[in-house]
Trainee: 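The following block contains the structure, expressed as structure tokens.
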Amino acid sequence: MIRSGRTIAAIATAVVPEEGSVGIVRLSGDKAYAIAKKIFIAPGKQQWESHKVLYGYIHSSKDSRIIDEALLILMLAPRSYTREDIVEFHCHGGIIVVQQVLQLCIKEGAILAEHGEFTLRAFLNGRIDLTQAESISEIVGAKSPLASQIAMAGIQGKLSNPIKNLRLDCLELLSEIESRIDFEEDLPPLSQVVILQKIQDFLHRVKKLLSTSKTGELLRSGLKIAILGRPNVGKSSLLNSWSRSNKAIVTDLPGTTRDIVESNLIIKNIPIKVLDTAGIRHTDNQIEKIGVQRTHLAANQADLILLTIDAQIGWTEEETEIYKKIKHLPIILIVNKIDLNVPDLSIIPSEIQEVIKISAIQNLGIDSIEEAILNFIYKKNLIAKNVDFTINQRQLEILIRVKIAFEDIIKTINNELPLDFITIDLRSAIKILGEITGDEVTESLLSKIFSTFCIGK
Ligand SMILES: Nc1nc2c(c(=O)[nH]1)N(C=O)[C@@H](CNc1ccc(C(=O)N[C@@H](CCC(=O)O)C(=O)O)cc1)CN2
Ligand SMILES: Nc1nc2c(ncn2[C@@H]2O[C@H](COP(=O)(O)OP(=O)(O)OP(=O)(O)O)[C@@H](O)[C@H]2O)c(=O)[nH]1
Ligand SMILES: [K+]
Ligand SMILES: [Mg+2]
């Protein structure tokens, strides 16, 4: 994975046939400039200077066939994304031209970049730390404006700064304690109370960082919501009306939906995956049977269930039977088809607190469903107010280990054990914190992290 010394090349923009008016191919490494000189002609008196745009043609050096009319940007080290020499060819979009330009670069001695290799180099060359690199990957994959804003804060160091500061404060305390151990007679004593206060402050700071993880998780993975109910209550109609699509087949025949139909929505910055499912009933039809099994699987993987009933029919024995199987899950009751009938809601189970009346066909009540979902999210504390950064799963796991180390130190102090015991845990906390920023990191961990990035990033 770490192969500095070679010049890497990749297509940096999305590759979609006939789409995207401009496509970028970029090179990073010692040979970038020489390769660019070979395949790019800048007519007239244009100077090959760093950070100036050149206009010209990309051509195959072999048969001098012109591949594209393009712009070129040269960014010489260390003033570049990777801190190596970078060349960008801004070509016409679509896939053919950029693929040809990439091939040309390979022919001239570049190697294909691996996932995240440009950003890996930015990290290895010290331009950014590991949290900033992870934030760059996150801004690319952001599913909502808030997620993107949080990733941008991460790129600017909003996450790495508190972690770096905490690590520095730990290092300072460690050296104070160690010097007491080494030169006990020459220094004023360090009271256990002072150490305790400092560790409690560190612990508080770790907990604050940890508290952002749920929000991060919600913004990244979103919420899975399954629409459940017996056949013909209008589950597929609800999915269609909600997602303003015709994704799911709707007919007046019970048992229409056989397989899960998914739709991805964003509600107030939160990604929501809505699953339409096969209506639950006993059936001898082999296909429908499998559909119903899939409904049960989907229900158990969902964060929230929209149990849907028909206003004309109300709550029946069948609903009671379905409810028994899902009552351990968070449920919102949806009463559909209120355009046809005023429903009798007197017999629904009292445990069901949220009841929303809608008409899928007339697009009525969808906003109330969204409001109820947001309430569910706030009630469960899945999203924090005024978040300015969040930690990811990797950082969460590391911070939990740091928290344990601090808690162990507090126990050590309370048990009045010798200072040596404190330094062991403190040193371990420092090392673990270094795994977040990348100050303490193995090559295999780096491969793991950067392999999830997109190519050309
Ligand atoms: N064309 C293009 N657009 C792009 C990128 C890119 O690589 N190419 N980026 C890629 O993700 C993002 C911008 N991020 C960047 C971050 C740092 C540097 C950079 O050259 N930094 C140097 C020099 C700064 C300076 O000249 O003052 C540095 O920090 O040392 C460039 C782009 C988004 N847009
Ligand atoms: N009047 C009225 N009819 C509706 C409404 N929602 C759905 N329907 C009708 O109810 C019938 C069944 O709708 P679907 O959306 O297929 O019901 P489903 O729950 O997905 O049914 P299965 O997939 O078979 O389980 C169709 O004829 C719809 O047009 C509504 O809000 N008002
Ligand atoms: K149906
Ligand atoms: Mg259906």
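All residue numbers refer to positions in the sequence shown, counting from 1. Basis for what follows: all heavy atoms, side chains included, without hydrogens, waters or symmetry-related copies. Whatever order the structure lists ligands and atoms in, that order sets their numbers, starting from 1.
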Trainee: Any heavy atom of L239 closer to ligand 2 than 4.0 angstrom?
Mentor: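 No, L239 has no heavy atoms under 4.0 Å from ligand 2.
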Trainee: Is the contact between P78 and ligand 1 made by the side chain, the backbone, both, or neither, using heavy atoms and a 4.0 Å cut-off?
Mentor: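 Under 4.0 Å from ligand 1, P78 contributes backbone atoms alone.
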Trainee: Heavy-atom contact under 4.0 Å between G255 and ligand 2?
Mentor: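 Per 4.0 Å heavy-atom rule, G255 contacts ligand 2.
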Trainee: Between K164 and D439, is the closest basic N to carboxylate O distance under 4.0 Å?
Mentor: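 No, this pair does not count.
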Trainee: Strictly inside 4.0 angstrom of atom 17 (C) of ligand 1, do you find any protein heavy atom?
Mentor: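 True for atom 17 (C) of ligand 1.
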Trainee: Looking at atom 9 (N) of ligand 1, would you say a protein heavy atom lies below 4.0 Å from it?
Mentor: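 Under 4.0 Å from atom 9 (N) of ligand 1, zero protein heavy atoms found.
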Trainee: Quick one: nearest non-hydrogen protein atom to atom 16 (O) of ligand 2, plus distance?
Mentor: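 Sorting protein heavy atoms by distance from atom 16 (O) of ligand 2 puts T251 O, 3.3 Å first.
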Trainee: Checking a contact table here: which protein heavy atom is nearest atom 6 (C) of ligand 1, and how many Å away?
Mentor: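 Checking every protein heavy atom, the shortest distance to atom 6 (C) of ligand 1 gives E88 OE2, 3.4 Å.
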Trainee: Considering all protein heavy atoms, does one lie under 4.0 Å from atom 30 (O) of ligand 1?
Mentor: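 There is a protein heavy atom less than 4.0 Å from atom 30 (O) of ligand 1.
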Trainee: Determine, considering heavy atoms only, which of T257, N232, I358 sits nearest to atom 12 (C) of ligand 2.
Mentor: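 Among T257, N232, I358, the closest heavy atom to atom 12 (C) of ligand 2 comes from N232.
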Trainee: Please work out which of V250, N363, V233 has its closest non-hydrogen atom nearest to atom 28 (C) of ligand 2.
Mentor: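 Among V250, N363, V233, the closest heavy atom to atom 28 (C) of ligand 2 comes from V250.
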Trainee: Report the part of L253 in contact with ligand 2, treating N, CA, C, O as backbone and CB onward as side chain, heavy atoms under 4.0 Å; options are side chain, backbone, both, neither.
Mentor: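 The part of L253 near ligand 2 is the backbone, not the side chain.
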